[in-house]
Structures are given as C-alpha cells and as structure tokens.
Amino acid sequence: MSEQMSNIPDKPSLDGIEERWMQRWEADDTYRFDRTASRDEVFAIDTPPPTASGSLHIGHVFSYTHTDTIARFQRMRGKTVFYPIGWDDNGLATERRVQNVTGVRCDPTLPFDPDFVAPYNGDVPRDHRAVPVSRPNFVSLCHGVIHDDEEVFEQLVRRLGISIDWSLLYTTIGERAQRTSQLAFLHNLERGEAYQQDAPTLYDIDERTAVAQAEMEDREVPGAYHKLVFHRSDGEGDLTIDTTRPELLASCVAMVAHPEDARYKPLFGTTVRTPLFEVEVPVLAHHLADPEKGTGIAMICTFGDTTDVTWWRELNLPSRALIGFDGRMAADIPDWVTTPGGHEAYAQVAGLAPKQAQRKIVELLQASGEMLGEARPISHPVKFYERGSRPLEIVATRQWYIRNGGRDDDLRNALLKRGEQLNWHPAYMQNRYQNWVGGLNGDWLISRQRYFGVPIPLWYRLDDEGNPLYDEILTPDHARLPIDPSTSFPTGFTEDQRGKPGGFIGDPDVMDTWATSSLTPHIAGGWVDDPDLFARVFPMDMRPQGHDIIRTWLFGSVVRSHHEHGCLPWTDAAISGWILDPDRKKMSKSKGNVVTPINLLEDFGTDAVRYWAASGRPGVDTAFDEGQMKIGRKLGTKLLNVSKFVLGFDGPPADVVPAAPLDRAMLARLADVINEATRALEEFDYARALERTEAFFWWFCDDYVELVKGRAYGTQGDDAARSARAALRQSLDVVLRLFAPYLPFVTEEVWGWWREGSVHAASWPEPAELPATGDATWLVPVSEVLAAVRRAKTEAKLSQRATVDELIVDGPRAALAAVEGCRTDLAEAGGISQFTLSEANALVTVVRLTPSTDVIPAQ
RNA sequence: GGGCGCAUAGCUCAGUUGGUUAGAGCACCGCCCUUACAAGGCGGGUGUCGGGGGUUCGAGUCCCUCUGCGCCCACCA
C-alpha cells in the first residue's frame with residue numbers, strides 16, 4: 001500500500017465537507033475573475049439577482065446549480081469566468097416587506113424625522129395600524145431590512161457551492177446600480193427612446209402606482225351582468241346593454257355596436273340618454289364591438305377596460321374619468337352631469353370605492369326601473385397587478401415610457417430579430433419571446449409612484465403660477481449621478497426655488513425595478529465607472545433565467561442593450577424550468593408547499609441536492625424528488641470509496657501506459673464519454689453530460705473495477721498490475737474532473753487526497769490524455785459474460801464467490817476475442833476454473849456450477 | 001381564439017440526424033457480511049412507447065389527425 005494512504009481516511013465521509021471547502025475556496029480565491037484577461041478569454045455570466053425581500057427557495061437551488069455547472073465547466077476549459085451576483089433589493093417587493101416587518105407606511109408629504117424608530121421589528125400584530133413615516137425614514141428602514149436578508153442569502157448561495165466571485169457583488173439599490181440606471185435612462189431620453197405621456201394607464205389603486213403590461217396577469221373572478229336601459233333621445237324607445245361595471249355609468253361617453261349590425265345600424269349618429277345621470281351620449285359604430293356579446297351594443301366608459309381605451313382613442317371621445325388615484329369615485333359632481341336628477345344620483349355615489357358604488361348604483365337603477373331583472377352572476381377574467389389584490393383601474397396620468405416596439409413596427413421587427421440572433425437553450429423558448437414581442441400593445445411604462453427605487457433623475461420648470469411645465473425638462477450632468485431630484489436641485493437653480501413659481505420641482509417617481517435590473521450586465525460589468533472591465537465582459541456569454549421572466553427581465557435587457565449598444569447583451573440564454581411539487585403544481589410560497597433549501601442541504605449534503613438539480617433537463621419543469629437526492633448522496637459516497645480503493649495502490653511511475661486490452665478498452669470508452677460530455681456542456685446541456693458521466697462511472701465501479709481488482713493486487717505479476725493501476729488512476733483522474741462541475745465538494749475532497757491545487761482549477765479532460773488505441777466495443781461482450789456468471793450464481797442461490805467449473809461461451813469472433821483477451825481477469829472476478837470458447841452467430845454463455853447442474857440463464 | 005411544451009415500466013425520467021429482442025434509477029422481491037463501499041454488493045419481473053392514420057425495407061423517433069395535461073398570449077361590454 002502507498003505512502004499516500006496517510007491522506008486517505010479509513011472511513012471516508014461526506015459529513016462536514018461543505019464547510020471545509022467553502023472556506024478553502026474563499027481563502028484561495030479559487031473563483032476570482034482575472035480582470036487582465038482579454039474578451040476572448042472570458043466567459044461572462046449575467047446571473048439573475050434574486051429578490052432580496054423574498055426568500056431563497058428550492059427553485060433558486062435548481063436554477064443556480066444549472067448555471068454553476070456551466071460556469072465550472074468553462075473555468076476548467078481555461079476561461080476566466082466572470083460570475084457576479086447581485087441582490088435585487090429595490091422596488092415594491094422590498095417596500096412590502098418593510099411595511100410588514102416594521103409596521104410603517106410611507107407618506108411622502110411628511111418631513112424627515114431623524115429620531116424615528118420603527119414600532120416593530122418582526123411580528124407586527126394583525127390589528128396594528130401602519131404608522132406613516134417620511135420618505136427618507138422609509139427608505140432608511142428599507143436599507144436596514146434588506147441588509148439582514150442579504151446576509152442570509154449569501155450564506156445559502158455559498159453553502160450551495162455556487163462558484164460566484166463575491167468581490168463582484170452588487171445590489172440594484174446600490175450607488176453603482178443607481179448611476180447605471182439613471183445614466184441609461186438619460187441616454188434613452190437624449191435619443192428619444194424615453195418619453196412621457198399623459199394617457200390612460202393601468203393603475204393599482206392599493207399600491208397607488210402605474211404598472212406595466214409585463215407585470216399584469218389575468219385572474220378569474222366573480223362578476224355579474226347587469227342589463228341597463230338607455231333612453232333614445234328621439235323618444236322612439238329604449239336601448240338595453242349588458243355591463244359588468246354599472247358603477248362606471250356616470251363615466252359613459254358613448255354607445256358602440258358593430259358597423260354591420262342591422263339592429264343598431266339605423267341608430268348610428270343618434271344619441272341616447274344614460275339612465276340615472278341623464279347624460280346624452282352618441283351611438284357609434286366600431287368593428288371591435290361584438291354582436292354576439294350581451295345585447296350586441298356596449299357602453300363606452302372612461303375607462304372600464306382596455307377596449308374602452310381603444311374606442312376612446314379611435315372614436316375621439318371625451319374623457320369623463322371619475323375613478324382617481326385613490327380608487328374612489330370623484331367627490332364632486334362632474335360638470336357633464338347637468339340635470340337635477342343626475343345631480344341627485346351622483347351625490348349618492350360620490351367618494352365611494354368601486355364595489356360600494358356598484359351596489360348603490362344598482363339600488364338606484366332598480367328603484368328607477370332602469371335595470372331589467374336581477375344581476376346575472378358570471379365568472380370572468382380581470383386584469384390584476386401580479387402582486388396586487390384588487391383589479392387594476394385605468395386612470396389617466398402622466399408617465400414615463402421607454403420604446404420597446406409596442407407602438408413602432410420597425411423597432412418591433414428589430415427586437416424580434418434580436419430574439420432570432422440569441423441562442424436559446426432550449427431552442428423552443430424563443431417562441432415565448434417572439435410571442436410576447438409580437439403581441440405588445442404599448443411601450444414600456446417605467447415610472448412608478450413609489451419610494452424605494454431609483455429616482456427618475458429629472459426636474460421640471462414651474463411657470464409663473466407655480467404649475468409644472470412638463471415639457472421643460474431639466475436634466476442633471478452625467479457626472480452628478482446618481483441624484484435624487486427631491487433632495488438635489490438642477491444646475492442654474494437654488495434649493496429655495498423648489499416648488500416656487502419660476503422655479504422647479506423634482507420628478508416624484510422612481511423607476512420600475514425592471515428598468516434597473518434590465519441593466520444587470522452594465523451594473524455588474526462596470527459600465528459607468530470601469531470601462532476597462534466592461535470591455536472585457538460585454539456583451540456577455542450567458543444569461544441564465546427562468547422562463548417566467550422572459551417577457552420582463554430578458555426582454556427588458558434586450559431592449560436596453562439594443563438602444564444603448566445596438567447589440568444583444570449576451571450570446572446565449574439558458575432557460576431553466578420550474579420546480580413542481582410532487583403533485584405537479586408549481587411550487588410557490590403562497591401555496592405553502594415550499595421546501596426550505598437549507599434543510600435539504602443539511603439532510604442530503606450539497607452535492608446530492610446539486611445532483612438532483614442537474615438531473616433536470618434544461619427548460620423542463622421538474623418535480624421535487626428526494627429520491628433523486630438520495631441517489632446523489634450514494635454517488636458521492638461511491639466516489640469516496642472507489643477513490644480510496646484506486647488510490648490505495650502505489651501510484652505506478654508516470655510513464656506507465658496501460659497495456660492490457662481491457663484497460664485500454666475502458667480508457668477508450670472513457671474518451672468517448674469525455675467527448676460526449678464536452679459537446680453537451682458546450683451546448684449548455686449539463687444534464688446530458690452528467691448522465692453520460694454517471695453511466696460510465698457506475699459501469700466502471702460495477703464491472704471494470706471488479707474485473708481488474710485481482711490483477712491490481714498483483715495476482716498476474718508486476719507488469720499486469722502496473723497496467724491496471726495506471727488505468728485506474730488515469731480514469732479516476734478524468735472522472736473526478738468530469739464530475740467536478742456537479743459535485744464540487746466530494747470531487748475536491750478526493751482530489752485533495754492525491755493532487756495539488758483545486759480540481760476546480762484543473763483543466764477539463766481531453767481524450768488526448770488517454771491512450772488512443774483501445775476498442776470500447778470490446779467491453780460489451782465482456783460485461784455480458786460477467787453478468788451471465790453473476791446471474792447463474794444468483795439463480796443457483798450461490799454466493800458470488802462460488803467457483804464456476806466451466807464457462808462455455810459461444811459467440812461471434814469479435815466477442816470471443818474480447819473474452820479471450822481478458823480471460824484471466826474474468827476468471828479471477830468470476831471464480832472461473834475453465835473456459836471453453838467456440839464460434840457462433842449469437843453470444844450465448846453457459847455457466848457450469850457445482851453442486852447444481854448446468855445453468856443456462858435466460859438471455 | 002392564437003402559440004409553445006408534455007404524454008415511454010407502479011413512480012421520476014433517458015432514448016441526439018429513423019436501424020437489431022425499448023433503457024436507467026427509485027420502489028418491490030431474492031441472494032450475498034466478496035479484503036473500496038452492508039447508509040453496501042449481485043441478480044430479478046413489469047411496457048398496446050396516449051388513440052388513429054400515413055411515409056419507409058424499417059417509426060418511440062418523421063408527417064397528418066384526435067384526445068388529455070401544463071404554460072404563455074389574446075379576449076374581458
């Protein structure tokens with residue numbers, strides 16, 4: 001036995017290896033990016049920054065592992081890997097969390113209170129009324145909470161063995177991110193890609209902010225059709241319509257039917273009077289009106305839904321909006337309601353929330369006989385903000401937009417082309433991009449009426465009455481960024497001119513969180529402050545992410561890079577699937593079925609959890625499966641044990657080349673595996689590479705090691721032993737490196753027994769390292785014969801150590817040559833006394849055992 | 001209504017340009033303490049490859065069609 005045995009524990013164990021190697025990698029800067037490398041030596045990854053206010057869940061473990069396998073592969077191939085991470089801590093998610101944890105809410109009208117202390121830190125009682133605080137106080141609380149969250153995140157990501165370069169850590173609320181986001185916005189503004197517009201906007205009345213198309217979702221909610229009676233102005237009768245939103249009746253600006261609808265054709269151009277409010281509105285024609293729906297004629301309100309907006313715009317209708325930012329009916333009687341009856345009706349709904357207003361209106365309509373029958377309940381899809389709890393309203397507001405092709409076919413086509421240029425893994429994910437871009441119906445709304453975000457870096461002049469002149473935009477010098485326009489003032493003004501006639505005001509809004517995270521390559525790459533670094537990493541190589549945020553993060557990033565650089569931000573997008581729970585439902589926090597990752601890592605070990613994650617095919621939703629983790633655990637243990645066996649022999653001299661045909665055949669098979677794994681990983685198919693490596697490894701342990709065991713111990717002489725020992729070491733060396741991207745801890749552990757440095761800094765194996773003359777096909781009949789012997793003993797209920805009196809192998813010449821070539825190894829592994837080989841068409845093995853009669857195993 | 005994906009053993013899934021009797025692991029059962037490994041080893045059964053049609057010498061694989069499930073988008077009177 002070798003002197004190296006001293007390095008190898010008697011009982012190798014997986015316990016505690018994470019802690020040991022995490023520390024070593026940190027101390028040795030194993031994953032440090034080499035910023036002197038030129039662009040072609042770099043592999044740059046645009047890692048998704050997890051939302052700091054959430055919690056890391058099993059889905060993160062899944063997708064971060066996928067990325068890490070690619071990162072480790074590329075590093076071993078000789079690239080210096082630019083592998084940053086960031087925390088996405090700006091935005092509404094953080095504000096929510098802070099409200100929940102501290103029991104406050106932001107009221108931007110309040111002054112800063114330097115002595116303010118939040119009422120809670122943790123569990124806020126249910127009946128607690130949120131304490132209003134100033135914006136600076138609120139922002140400061142946000143910073144405190146995210147700091148704590150981010151510590152926890154970092155620990156988990158380290159524990160997962162993700163080969164991040166922690167010196168590159170960024171946050172999306174950090175100064176560099178703010179500078180990046182504001183500078184990119186100002187560039188967009190200068191080039192005309194950003195613009196403001198006062199227009200109907202989907203608006204969340206609870207969060208009091210506008211939201212973008214990409215953040216909306218449909219939810220099926222209960223509603224009801226109400227049949228309302230409108231009176232023809234010529235007194236010739238009534239018109240009835242069906243509506244789900246009778247509360248908007250006072251906002252009705254017109255009636256609309258399909259131009260070819262014979263029922264209503266004669267009425268086009270006439271007017272009707274609305275019930276209750278007695279407002280005269282025209283009857284108009286538009287092709288979007290569906291004769292099949294309801295009574296075939298609809299009331300247009302400003303604004304009940306997006307179709308109303310379309311009609312309003314295309315039919316040049318007046319705006320009679322009544323629902324304001326607070327989500328309530330306007331308090332004052334609108335001036336288009338002119339009759340005493342109308343006034344009386346409106347007075348009863350003024351100031352009400354939509355639901356209450358609806359109840360009241362229905363009451364009034366029923367009393368006046370202008371609603372026919374009862375409301376008919378239905379279930380219908382309604383637009384919600386994805387984080388919201390009440391339906392979105394449409395409110396006319398001034399907002400900032402970035403052009404994304406939603407209103408411009410040339411830009412849309414250019415962005416569709418970018419989608420084609422991007423290499424998608426798996427390829428079909430491109431459809432989601434094309435589908436989304438093709439279906440955009442407006443530009444990207446980026447302004448949010450929120451607080452914890454990157455401020456829109458603009459001021460507006462005030463006229464002599466003190467009213468904002470939104471067309472007179474005051475921009476900061478780029479060198480001043482980042483700025484907060486509420487605390488800094490524009491060049492040429494003084495702070496005391498804020499809010500004064502002839503002075504200025506700052507834009508009160510912040511940017512959508514996606515408007516900043518769409519610049520993660522720029523933030524991580526130092527676009528604003530480290531052009532040397534940026535030139536070495538941009539455009540990046542890989543964007544890993546989930547398919548659910550193709551429309552937001554991926555598309556937003558493509559838009560920004562297209563505007564700013566006229567290119568894609570990366571060449572390849574690797575899309576991970578979701579984790580489903582065993583019932584095949586998407587795992588989500590709200591469903592309460594999320595498994596805590598830290599427990600898994602402790603129960604199974606990091607490598608085992610990574611093994612499960614890496615078994616999930618790229619892009620494919622994968623069921624959470626502890627069984628898979630058990631297999632990963634077994635694999636790690638096996639690796640330890642077989643390594644102990646292989647390294648237990650003295651290492652043969654370095655120049656020994658395995659000579660035995662069996663050894664060379666095994667190495668030839670391994671060379672094939674290297675080729676397959678390399679090809680797969682180049683295509684971002686980590687799962688295939690793992691599968692091939694693993695299949696080889698189990699065959700290696702079960703058959704090859706058993707066959708050569710005796711020879712390695714020296715039963716066939718020194719030369720034969722040297723061949724086996726050299727082959728065992730060479731193959732172990734390769735196998736460890738093939739597994740290293742997946743099982744970073746156990747491979748490093750074993751590597752440390754006999755090699756210098758880290759396996760993760762070693763080079764990716766190449767077939768050229770192995771002797772080229774072996775014939776891998778050779779191994780098939782040998783394994784088959786070995787299996788036949790084992791089967792025969794099992795069926796005879798004998799120990800595997802039982803002696804075979806005679807082994808008779810009939811088969812094709814090539815198979816016989818293979819068996820003959822390693823007959824001594826076979827004889828030792830199978831306890832075979834005598835071989836009889838004869839040529840035949842098919843391979844048939846007969847095993848003669850004592851005391852039983854001949855056993856001819858079923859083939 | 002449009003798009004995409006999925007459907008293979010009881011379960012989770014491989015099956016790469018079409019090619020012999022369709023694979024793995026888990027689970028289950030049996031045998032074995034064999035000196036790397038009993039938290040192990042060896043062996044075993046199980047399939048109308050969702051249905052139907054087509055192309056082909058040959059189809060799990062390609063084409064058409066139907067069914068079921070999932071996701072995305074559109075519709076929202």
Side-chain angles (χ1 to χ4, degrees), chain A residues 8 11-14 217-218 220-221 223 225-226 228 241-245 248 255-257 288-290 293-301 304-308 311 378 380-383 391 426 428-432 434-436 438-441 547-548 550-551 577-578 580 582 584-586 612 615-617 619-628 630-631 633-634 637-648 676 679-680 683 685 687-688 691-692 694-695 698 701-702 705-706 709 713 786-787 789-802 829 831 842 857-859:
Chain A
I8 305 171
K11 271 274 177 196
S13 165
L14 299 172
E217 63 183 27
D218 285 359
E220 195 73 19
V221 296
Y225 276 123
H226 302 72
L228 272 46
I241 59 114
D242 274 319
T243 179
T244 55
R245 302 206 57 186
L248 294 176
M255 311 290 280
V256 67
L288 279 183
D290 182 355
K293 245 174 205 163
T295 59
I297 188 162
M299 67 170 181
I300 303 172
C301 303
D305 59 44
T306 51
T307 316
D308 280 344
W311 281 327
I378 55 159
H380 64 155
V382 175
K383 282 197 191 312
Y428 62 77
M429 286 295 177
Q430 192 196 335
N431 293 317
R432 302 208 180 199
Q434 306 292 338
N435 204 320
W436 174 255
L440 286 168
N441 53 34
H547 51 62
D548 51 330
I550 288 173
R551 65 181 187 170
W578 275 337
L580 310 173
R584 315 294 302 169
K585 299 268 176 6
K586 186 197 169 194
W612 159 75
S615 309
R617 255 57 207 174
V620 176
D621 293 349
T622 301
F624 175 76
D625 184 5
E626 290 197 355
Q628 224 24 46
K630 285 184 193 163
I631 299 166
R633 180 83 184 177
K634 264 178 66 169
T637 305
K638 194 75 172 176
L639 216 35
L640 288 178
N641 284 318
V642 80
S643 299
K644 183 187 164 202
F645 171 76
V646 169
L647 299 175
E676 283 192 85
R679 211 177 312 127
E683 290 301 306
D685 193 346
R688 177 185 298 279
E691 182 194 89
R692 294 304 143 99
E694 191 191 4
W698 285 110
C701 292
D702 294 347
V705 168
E706 292 302 324
K709 189 180 277 182
Y713 275 119
L786 182 61
V789 171
R790 289 167 168 165
R791 196 184 304 127
K793 292 178 182 177
T794 294
E795 286 175 8
K797 296 200 183 293
L798 289 172
S799 158
Q800 290 297 330
R801 299 172 79 184
Q859 291 287 333

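Atoms considered below: every heavy atom in the structure, side chains included; atoms not considered: hydrogens, waters and symmetry mates. Quick caveat, the model's predicted, so the values are computed rather than measured. So you know, we letter chains A, B, ... as the sequences are listed, proteins then strands, and number each from 1.
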**Message:** What's the closest nucleotide to the side chain of A:T794 if the choices are B:rC72, B:rU16, B:rG30?
**Reply:** B:rG30
**Message:** Measuring only the C1' atom in each nucleotide, how far is B:rG15 from B:rG52? A whole number of Å is fine.
**Reply:** 24 Å
**Request:** Using only heavy-atom distances, decide whether a donor-acceptor pair under 3.5 angstrom links the side-chain of A:D218 to the base of B:rC75.
**Result:** yes
**Message:** Looking at A:K797 and B:rC31, is any side-chain donor or acceptor paired with a base atom of the opposite kind under 3.5 Å?
**Reply:** no
**Prompt:** Quantified in whole Å, what is the P atom distance between nucleotide B:rC49 and nucleotide B:rG23?
**Reply:** 14 Å
**Asked** Is the phosphate of B:rU34, meaning OP1 or OP2, less than 4.0 Å from a side-chain N or O of A:S799?
**Response** no
**Message:** Considering every strand and a 4.0 Å limit on heavy-atom distances, what is the contact class for A:D702: base, sugar-phosphate, or nothing?
**Reply:** sugar-phosphate
**Prompt:** Base, sugar-phosphate, or nothing for A:N435, non-hydrogen atoms under 4.0 angstrom?
**Reply:** base
**Request:** Look at all strands and tell whether A:I631 reaches a base, only sugar-phosphate, or nothing, counting heavy atoms closer than 4.0 Å.
**Result:** sugar-phosphate
**Message:** Once rounded to the nearest 0.5 Å, what's the spacing between atom CG of A:D242 and atom CD1 of A:I297?
**Reply:** 11.5 Å
**Prompt:** Base, sugar-phosphate, or nothing for A:R688, non-hydrogen atoms under 4.0 angstrom?
**Reply:** base
**Nearest-angstrom distance, C1' atom, B:rA9 to B:rG60** = 14 Å
**Nearest listed nucleotide, side chain of A:E706, among B:rC37, B:rA77, B:rU12** = B:rC37
**Request:** Determine the contact category for A:V620: base if any of its heavy atoms lies under 4.0 Å from a base atom, sugar-phosphate if only primed atoms, P, OP1 or OP2 are that close, otherwise nothing.
**Result:** nothing
**Prompt:** Reckon A:K638 has a side-chain N or O less than 4.0 Å from the OP1 or OP2 of B:rG41?
**Reply:** yes
**Message:** The side chain of A:R432 is closest to which nucleotide in this list: B:rU16, B:rC75, B:rC72?
**Reply:** B:rC72
**Request:** Determine yes or no for a side-chain-to-main-chain donor-acceptor pair under 3.5 angstrom, with A:K793 supplying the side chain and A:Q800 the backbone.
**Result:** yes
**Asked** Which is true for A:C701 with a 4.0 Å heavy-atom rule: it touches a base, it touches only sugar-phosphate, or it touches nothing?
**Response** base
**Residue A:K383, side-chain atoms from C-beta onward, closest of B:rA77, B:rC75, B:rU16** = B:rC75
**Request:** Return the nearest nucleotide to the side chain of A:R801; candidates are B:rU35, B:rA77, B:rC4.
**Result:** B:rU35
**Request:** Counting heavy atoms from C-beta on, name the nucleotide in B:rG41, B:rU12, B:rC32 closest to the side chain of A:W698.
**Result:** B:rG41
**Message:** Tell me whether the side-chain N/O atoms of A:K634 come closer than 4.0 Å to OP1 or OP2 in B:rC26.
**Reply:** yes
